[in-house]
Protein chains: 2
Amino acid sequence: MTEQKHPYLRKDQRRTMIAEAARALILEKGYAALRTRDVASRAGINTSTLHFHVPTKAALVALVAETTRDSFLALLPPVPDPKQPARMQLRAEAAAYHDSLRDHPELAACFAQLHQIAGTEPAIAQMLDGFTQNWCQRYVEILTIGQKQGVFRADLHPLPAALALTGALAAFGPRAPTGLAMFWPVFDETERGFLATQPH
Amino acid sequence: MTEQKHPYLRKDQRRTMIAEAARALILEKGYAALRTRDVASRAGINTSTLHFHVPTKAALVALVAETTRDSFLALLPPVPDPKQPARMQLRAEAAAYHDSLRDHPELAACFAQLHQIAGTEPAIAQMLDGFTQNWCQRYVEILTIGQKQGVFRADLHPLPAALALTGALAAFGPRAPTGLAMFWPVFDETERGFLATQPH
DNA sequence: GGGAAAATCAATCATATGGTTGATTTATGA
DNA sequence: TCATAAATCAACCATATGATTGATTTTCCC
């Protein structure tokens, strides 16, 4: 029995529950069908209580965006390290993303849905852009490290290469958690194009 | 003066105008903010007239999906030809997509928006999947032709490579029409990874 | 020219939806 | 213990929204 009937929770806990409920609904029905009523109902509270904790729908979306980003960040591997083998780090980076798609598909799905309102919600757009750039930058650094280590081609352009790889992997976001079968083949094929020497 | 006040148009023409209006609104405000009233207003007609031509909102979305796909298909280059140079065909394929993003950003933007409702609208999902697979298949064929011509690596796996390239290019969809600066660098970097011999 | 079919519109309906109000219940701390 | 603050809820409000109805205007074609 983990659910009380009327647990008068603290604001932080309740906001967390609200964010989870909203994220689940966005995953199931899409952002366009997100209703504050449904969020409250899924969270097991009254709509008034929802508005007590989250004043407006825009604030609810912002809350979802922030908590989703934080959950994503928590799943990332350690930041790139010039002393570690670049291919290992590249694979670890991709593996962390792969596992997030497999184990927490609501995160990528939620990001994809939030993308569609970024055009009219500058705050959301800024958050998404910041996260995407940060994510891509990790790949840029790993690729640069790999060049210095001599494992990636000397004429590789780290930024376009990182954009290509993150773009290719991001395409699996909407297909998660099923539809990941081609994830590693795509990664392997892309990585092979980056290598300085063709594997025998 | 191309606009009459009350041009009693034929159903086909009116449906085309309605589809264009809806696509423009989806591009501007996102699918979540799409309102039948706004579509009618943008098309210069009464909401009743809208419903006379397109019975429900779901039918409107289906109409948008179909017309968007058709517009996209019309912009594609000739189908892959084993007799033509593969690199030229690959670049032509990418250029057609690039130009569609530059000149008709509403098409890719609309596709991205429609993707978000595919989870609850099987018909939309089927249309999008079919188009995406067809698009990817063109790249698979060009890559296969290129292998036979000896311009691409013999150990290249066409399907994963095509998924990687289309995924990387698709990432530019939401950024169009601005934000295309890295399009060709990303293409060039990816293509270089496919080549059999490193350019000197 | 004139009648039928097609297209359009003003007015309206039923419901959905984000948000508010004021009372009520529970937790907190002096 | 008990007054105060925090959290919750039932009922309600104002507007948004998809869709309908019935009358009106235009086009088609014989």
Side-chain angles (χ1 to χ4, degrees), chain A residues 1-23 25-26 28-65 113-114 116-117 120-121 123-124, chain B residues 1-23 25-26 28-65 113 117 120-121 123-124:
Chain A
M1 186 68 180
T2 59
E3 290 284 330
Q4 292 284 14
K5 194 126 184 210
H6 297 298
Y8 273 50
L9 297 178
R10 289 301 177 71
K11 207 146 192 172
D12 287 351
Q13 310 173 49
R14 196 55 98 187
R15 280 172 65 93
T16 299
M17 292 180 63
I18 290 171
E20 284 172 4
R23 218 178 303 154
L25 286 172
I26 289 175
E28 290 173 19
K29 306 198 209 173
Y31 168 76
L34 186 68
R35 300 288 175 260
T36 57
R37 276 168 166 71
D38 299 337
V39 175
S41 176
R42 167 76 63 121
I45 58 178
N46 189 285
T47 62
S48 319
T49 307
L50 175 70
H51 281 97
F52 172 75
H53 294 289
V54 184
T56 67
K57 189 175 183 182
L60 173 64
V61 173
L63 173 68
V64 168
Q113 295 281 333
L114 290 175
Q116 87 175 319
I117 54 175
T120 54
E121 298 267 350
I124 302 294
Chain B
M1 188 67 178
T2 59
E3 290 285 329
Q4 292 283 13
K5 193 121 181 216
H6 297 298
Y8 273 51
L9 296 179
R10 286 303 176 72
K11 208 147 192 170
D12 287 351
Q13 310 173 48
R14 196 54 99 186
R15 280 171 65 92
T16 299
M17 292 181 62
I18 290 170
E20 285 173 3
R23 219 178 301 153
L25 286 172
I26 289 175
E28 289 173 19
K29 306 200 210 172
Y31 168 77
L34 186 68
R35 300 289 175 260
T36 57
R37 277 170 166 71
D38 299 338
V39 174
S41 177
R42 168 76 63 124
I45 58 177
N46 190 284
T47 62
S48 320
T49 307
L50 174 70
H51 280 95
F52 171 75
H53 294 288
V54 183
T56 67
K57 190 176 183 181
L60 173 63
V61 173
L63 173 68
V64 168
Q113 296 281 328
I117 57 176
T120 53
E121 298 267 350
I124 302 293

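Each chain gets a letter, A, B and so on, in the order its sequence line appears, and its residues count up from 1.
Taking atom NE2 of residue A:H51 and atom P of nucleotide C:dT17, one finds them 13 Å apart after rounding to whole Å. The CD1 atom of B:I18 sits 8 Å away from the P atom of C:dT8 (whole-angstrom rounding). Separating the CG atom of B:L25 from the P atom of D:dT17 is a distance of 12 Å, rounded to the nearest angstrom. Atom pair A:Y31:OH and C:dT17:C1' shows a separation of 13 Å (rounding to whole Å applied). Note: NZ (A:K29) to C1' (C:dA16) measures 13 Å, nearest angstrom. Residue B:Q13 contributes atom CD, which lies 13 Å from atom C1' of C:dA6 at whole-angstrom precision. Put simply, CG on B:L50 is 13 Å from C1' on C:dC9, counting in whole angstrom units.
For A:N46, a side-chain nitrogen or oxygen approaches OP1 or OP2 of D:dA10 to under 4.0 Å. Contact annotation: B:T49 reaches the phosphate of C:dC9 (side-chain N/O to OP1 or OP2, under 4.0 Å). Contact between the side-chain N/O atoms of A:H53 and the OP1/OP2 oxygens of D:dT8 is found at a separation under 4.0 Å. When the side-chain nitrogen and oxygen atoms of A:R10 are compared with OP1 and OP2 of C:dA27, none of them lie within a distance under 4.0 Å. Note on B:R14: a side-chain N or O is less than 4.0 Å away from OP1 or OP2 of C:dT8.
Of the residues near DNA chain D, B:T56 and A:L9, the one whose nearest nucleotide (by heavy atom distance) lies more toward the 5' end is A:L9.
Nearest to the side-chain atoms of A:F52 among the listed nucleotides D:dT8, D:dG18, D:dA10 stands D:dT8. Closest to the B:R35 side chain, of the nucleotides D:dT25, D:dG18, D:dT8, is D:dG18. Nearest to the side-chain atoms of A:T36 among the listed nucleotides D:dA16, C:dA27, C:dG18 stands C:dG18. Across D:dA7, D:dA19, D:dA11, the shortest atom-to-atom separation from the side chain of B:K57 is found for D:dA19. Between D:dC9, D:dT26, D:dA19, one nucleotide has an atom nearer to the side chain of B:T47 than all others, and that is D:dA19.
In this model, a side-chain donor or acceptor of A:R37 finds a partner on the base of C:dG18 within 3.5 Å. With hydrogens and angles left out, the side chain of A:S48 and the base of D:dA10 share a donor-acceptor pair within 3.5 Å.
Counting heavy-atom neighbours within 6.0 Å of B:K29 NZ, excluding the residue itself, gives a total of 12 or less.
Within 4.0 Å of B:L60, counting heavy atoms only, lies no atom of the nucleic acid at all.
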Could you walk me through whether A:N46 and A:F52 pass the side-chain contact (heavy atoms from CB on, under 4.5 Å) check?
-> CA-CA 10 Å; A:N46 189 285; A:F52 172 75; over 6 Å; no
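Taken to the nearest 0.5 Å, the NZ atom of A:K11 stands 9.5 Å off from the CD1 atom of A:I18.
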